[in-house]
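Comments concern the structure below.
Worth knowing before you read on, the calculation uses all heavy atoms, side chains too, and leaves out hydrogens, waters and symmetry mates. Residues take their numbers from the sequence shown, with the count starting at 1. All values derive from a computational prediction rather than experimental measurement. First listed ligand is number 1; within each ligand, the first listed atom is number 1.
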Amino acid sequence: MQRLDKFISNLWYWSRKQIKKLLKDEYVLVNWELALDWQIKINFWDIISVWEENIEYKKNLYLILNKPAWYVTSNKPEASYASYLELLVDYPYANLVNPVWRLDADSTWLLFLTNNGDLTHNLISPKKNLFKKYLITLENNLSEKDEEKIKSWVTINKDTPKKYLTKPALLEKIEDKKYYISISEGKFHQVKKMFEAINNKVLTLHRVAIWGLELWDLKSWEFQELSSEQINEIFNK
Ligand code: URA
């Protein structure tokens, strides 16, 4: 349950000032009846209608976004990059969902967002060993020895208190300098740092899949909601 005013103010569309006016002007309906009390509690089966647009109070929200380059995965712009929220201006629940595993500003494709904290907790747990797959291009060719290192372990954040030995990765060569890499962890800039550790450089990085979750036909800039059933099917197999 959630308070009606909180629910509406969390939506992307309206400022607080506009919300007050909407109520005063009798534009807000709950289950097709005029809402006169902002403090009432709504349930996820209620239909809220604001300015003749129906907005369900959904309990669980799951979204995939095909992220283009030059957007950051934080809700505030950083340096010269806009926030990914700019890509979700047409999604009324944008402020309610959070990205699970960020993508760097220059990284693209699959971003998964949800408001389901239990699922997020479960997915990012190291015990889950959930693989994320990336398509990468590298500055230099990889020797067989380099490939073996990436597949077994490399040390990232060397000479810092965050020094870390990576877990085994899957590497699939497409052509020279072009690979799929799948890793089960999600350290900050992990893929880039893994290749830096063997004196190479990731030039482009696209996230192709998170376990069985993919972008399917979603084009750059597009987003799509998924149902709880689809999410269960993908992650609880
Ligand atoms: N690893 C990286 O280095 N960058 C990303 O955006 C995702 C994984």
>> Under a 4.0 angstrom heavy-atom cut-off, which atoms of ligand 1 come close to Leu103?
In response: 6 (O)
> Can you tell me the protein heavy atom closest to atom 7 (C) of ligand 1 and the distance?
Replying inline: Tyr134 CE2, 3.7 Å
>> So, using ring pair (Phe, Tyr, Trp, His ring centres under 6.0 Å) as the criterion, who are the partners of Trp153 when residues are at least two apart?
In response: none
> Which residue holds the protein heavy atom closest to atom 1 (N) of ligand 1, what is that atom called, and what is the gap in Å?
Replying inline: Val191 N, 3.3 Å
>> Is the contact between Gln190 and ligand 1 made by the side chain, the backbone, both, or neither, using heavy atoms and a 4.0 Å cut-off?
In response: backbone
>> Can you classify the ring geometry of Phe7 versus Tyr93 as parallel (below 30°), tilted (30 to 60°) or perpendicular (above 60°)?
In response: tilted
> Is there at least one pair of N or O atoms, one from Ser107 and one from ligand 1, spaced under 3.5 Å apart?
Replying inline: yes
> If you count the non-hydrogen atoms of other residues, nucleotides and ligands that lie under 6.0 Å from NZ in Lys151, is the total more than 12?
Replying inline: yes
>> Counting only heavy atoms closer than 4.0 Å, does ligand 1 sit against the backbone of Val202, its side chain, both, or neither?
In response: neither
>> Looking only at side-chain N and O atoms, does Ser184 offer a donor or acceptor that is under 3.5 Å from a partner on Asn129?
In response: yes
> What residue and atom, counting heavy atoms only, is the protein's closest point to atom 5 (C) of ligand 1, and at what distance?
Replying inline: Asp104 OD2, 3.5 Å
>> Run the side-chain contact (heavy atoms from CB on, under 4.5 Å) test on Thr108 and Thr204 for me, step by step, so that the C-alpha distance in whole Å, both residues' side-chain angles and the decisive distance to 0.1 Å come before the verdict.
In response: CA-CA 9 Å; Thr108 59; Thr204 63; over 6 Å; no
> Quick one: does Arg207 get an N or O within less than 3.5 Å of an N or O on ligand 1?
Replying inline: no
>> Any non-hydrogen side-chain atom of Ile40 less than 4.5 Å from a side-chain atom of Val30?
In response: yes
